[in-house]
Amino acid sequence: MSFEVLSRESRPAVGVGGSVTALLLLAASALAAAAPAPAREGKLLLTGGVSSIDGAAGGGLTPWALTGSYASVGQFGASAYLTRLRTQDYGLTGYGVAASFDERIELSLARQDFDTGRTGTALGLPGLRLKQDIFAVKLRIAGDAVLDSDTWIPQIAVGLERKRLDAGGLAPTLQALGADDRGTDVYLSATKLLLAQGVLLNTTLRATKANQNGLLGFGGTAHDRYKLLPEFSVAWLLRRNLAIGAEYRFKPDNLNPSLLGEGLREDDWKDLFIAWAPGKNLSLTLAWVDLGRIVPAVIDRRQSGAYLSAQVAF
């Protein structure tokens, strides 16, 4: 499948010095050159995963237990993506790179850029953009989605996502609400591929304090503890290179209630998608995404819209 999103501009990614943009471009070109040609034949089409909203391989809204790219056992692989999401009142752009080795470990960097639109103007911050950098690592600990497709055993992986937010002029408000500008999500994913039926099922359990995935900080005065929340994905392979599916992601709602009452209430996320892979080096995804209400104190309506993402893999 093929999914993605996001990040930040003026500061380096977590734990990484220098320009994030330069690092992403350098990493993508270097890994592409280093990845051996046989990796392209190591996995079945669409079983290499794609970049989720946080950069890890999976669906658009949630990571899967799959490692990114088409690298197989003993091989290196790499992928890069670019995503654009537009709702009635907001815009989100994301891009990043990922590298995997031995079909067991995956590292990724992602950048998110969220245009607050009319909400920023209403808050006295016209042109406000929320930017976030995400460094993630994933480790497969059991199972093989393809080799175990004729058994009940799923592929299982654990992951960690370290996030850092640049909220610009909104930072003092988030601090007053008790929200931090850094946070870490930890998750466990189980992915089951029913190869004969052409169906993929995934369940992820995420421990998180992120508000709106981290774009409104982490935790708050009302709720500052980690919450364990489920995320679900299902995909159906219509033919070898075309799939449709749906996802649902529960959200923590840490800023409700707040100084604004229920004005920062957070809703669950969901999507319907279609993914096409003309070859192992390219995949395209088109989706309808529902992000629920975002800052309903300012704009009290659901935010849904189109999602388009492109990914290249080596």
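Because only heavy atoms are used, hydrogens play no part in the values below, and waters and symmetry mates are left out as well, while side chains stay in. All residue numbers refer to positions in the sequence shown, counting from 1.
Here the side chains of R249 and E247 are not in contact, with every heavy-atom distance at 4.5 Å or above. Two residues are said to be in side-chain contact when any heavy atoms from C-beta on lie closer than 4.5 Å; V312 and N281 fail this criterion. With a 4.5 Å cut-off on side-chain heavy atoms, L85 and L291 count as touching. Contact annotation: the side chain of F135 approaches that of L107 to within less than 4.5 Å [non-hydrogen atoms, C-beta and beyond]. Between P154 and T191, the closest side-chain pair of non-hydrogen atoms is not below 4.5 Å.
Linking ILVMFWY side-chain heavy atoms closer than 4.5 Å, directly or via other members, places L229 and L255 in two distinct hydrophobic clusters. V295 and L177 fall within the same hydrophobic cluster, defined by Ile, Leu, Val, Met, Phe, Trp and Tyr side-chain heavy atoms under 4.5 Å apart, directly or through other members. No path of Ile, Leu, Val, Met, Phe, Trp and Tyr side chains, each step under 4.5 Å between heavy atoms, connects L195 with L147, placing them in separate hydrophobic clusters. F218 and L160 fall into different hydrophobic clusters, where Ile, Leu, Val, Met, Phe, Trp and Tyr residues are linked whenever their side-chain heavy atoms come under 4.5 Å apart, directly or through other members. Criterion: ILVMFWY side-chain heavy atoms under 4.5 Å apart, direct or through other members. Under it, L286 and L242 are part of a common hydrophobic cluster.
Not one N or O on the side chain of D115 forms a donor-acceptor pair closer than 3.5 Å with the backbone of G91. Put simply, the side chain of N211 gets close to the backbone of G219: a donor and an acceptor are under 3.5 Å apart. Side-chain atoms of D253 never come within 3.5 Å of backbone atoms of R265 as a donor-acceptor pair (strictly under, hydrogens ignored). Distance alone, capped at 3.5 Å, is enough to place a donor-acceptor pair between the E266 side chain and the Q212 backbone. The backbone N or O of S79 sits nowhere less than 3.5 Å from a side-chain atom of S69 that would complete a donor-acceptor pair. Remark: the backbone N or O of S304 is paired with a side-chain donor or acceptor of Q88 at under 3.5 angstrom. Not a single donor-acceptor pair under 3.5 Å links the side chain of D290 to the backbone N or O of K270. Of the possible donor and acceptor atoms, none in the side chain of N241 sits under 3.5 Å from a partner among the backbone N and O of W276.
Salt bridge absent: R164 and D133 never bring a charged side-chain N and a carboxylate O closer than 4.0 Å.
A side-chain N or O of T119 and one of Y90 form a donor-acceptor pair less than 3.5 Å apart.
Rounded to the nearest 0.5 Å, atoms CG (N256) and NE2 (H223) are 7.0 Å apart. Here the CG atom belonging to L308 is positioned 8.0 Å from the OG1 atom belonging to T83, to the nearest 0.5 angstrom. The CG atom of N254 sits 5.0 Å away from the NZ atom of K227 when rounded to the nearest 0.5 Å. Between the CZ atom in R140 and the OG atom in S189 there is a gap of 14.0 Å [rounded to 0.5 Å]. To the nearest 0.5 Å, atom CG of residue L130 and atom CG of residue N213 are 12.0 Å apart. Note that CD of Q303 is 5.5 Å distant from CD1 of I294, once rounded to the nearest 0.5 Å.
By the salt bridge (Lys or Arg N to Asp or Glu O under 4.0 Å) test, D89 pairs with R118, R301, sequence neighbours left out. Considering only residues two or more places apart in sequence or on other chains, P230 meets the side chain to side chain contact (heavy atoms under 4.5 Å, CB included) condition with L205, F232, F250.
For P252 against A210, the heavy-atom pair with the smallest separation is CG-O, 3.1 Å. Between A65 and K138, the shortest heavy-atom distance links the atoms O-CD, 4.2 Å. Considering all non-hydrogen atoms of both residues, E103 and D144 come closest at OE2-OD2, 4.0 Å. Across A56 and Y187, no two heavy atoms sit closer than the pair CB-OH, 4.0 Å. Taking both residues in full, the closest heavy atoms of G143 and I153 are given as CA-CG2, 4.3 Å, listed atom of the first, atom of the second, then distance. Contact between W152 and K192 at its shortest, heavy atoms only, is C-NZ, 4.0 Å.
In this structure, R104 places its CZ atom where more than 12 heavy-atom neighbours from other residues, nucleotides or ligands lie under 6.0 Å away.
Partner of R129 under the side chain to side chain donor-acceptor pair (under 3.5 Å) criterion, out of T93, D113, T116: D113 alone. Residue E231 is tested with T204, N202, T62 for a side chain to side chain donor-acceptor pair (under 3.5 Å); the sole match is T62. Just one residue in the list K209, R206, R162 forms a side chain to side chain donor-acceptor pair (under 3.5 Å) with D185, and that residue is R206. The residue from D54, T208, D181 that alone fulfils the side chain to side chain contact (heavy atoms under 4.5 Å, CB included) condition with K163 is D54.
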Report the C-alpha separation of L193 and V146 in whole Å, then their side-chain angles, then the decisive distance to 0.1 Å, and conclude whether the side chain to side chain contact (heavy atoms under 4.5 Å, CB included) test is met. CA-CA 7 Å; L193 177 62; V146 176; 4.1 Å; yes

For Y248 and V234, run side chain to side chain contact (heavy atoms under 4.5 Å, CB included): C-alpha distance rounded to whole Å, both residues' side-chain angles, the deciding distance at 0.1 Å, then the answer. CA-CA 9 Å; Y248 196 100; V234 58; over 6 Å; no

Chi angles and distances behind the side chain to side chain contact (heavy atoms under 4.5 Å, CB included) call for L66, Q155: CA-CA 7 Å; L66 305 175; Q155 182 165 320; 4.1 Å; yes

Audit row: L200, W64, side chain to side chain contact (heavy atoms under 4.5 Å, CB included) steps and yes/no: CA-CA 10 Å; L200 181 146; W64 299 347; 3.9 Å; yes

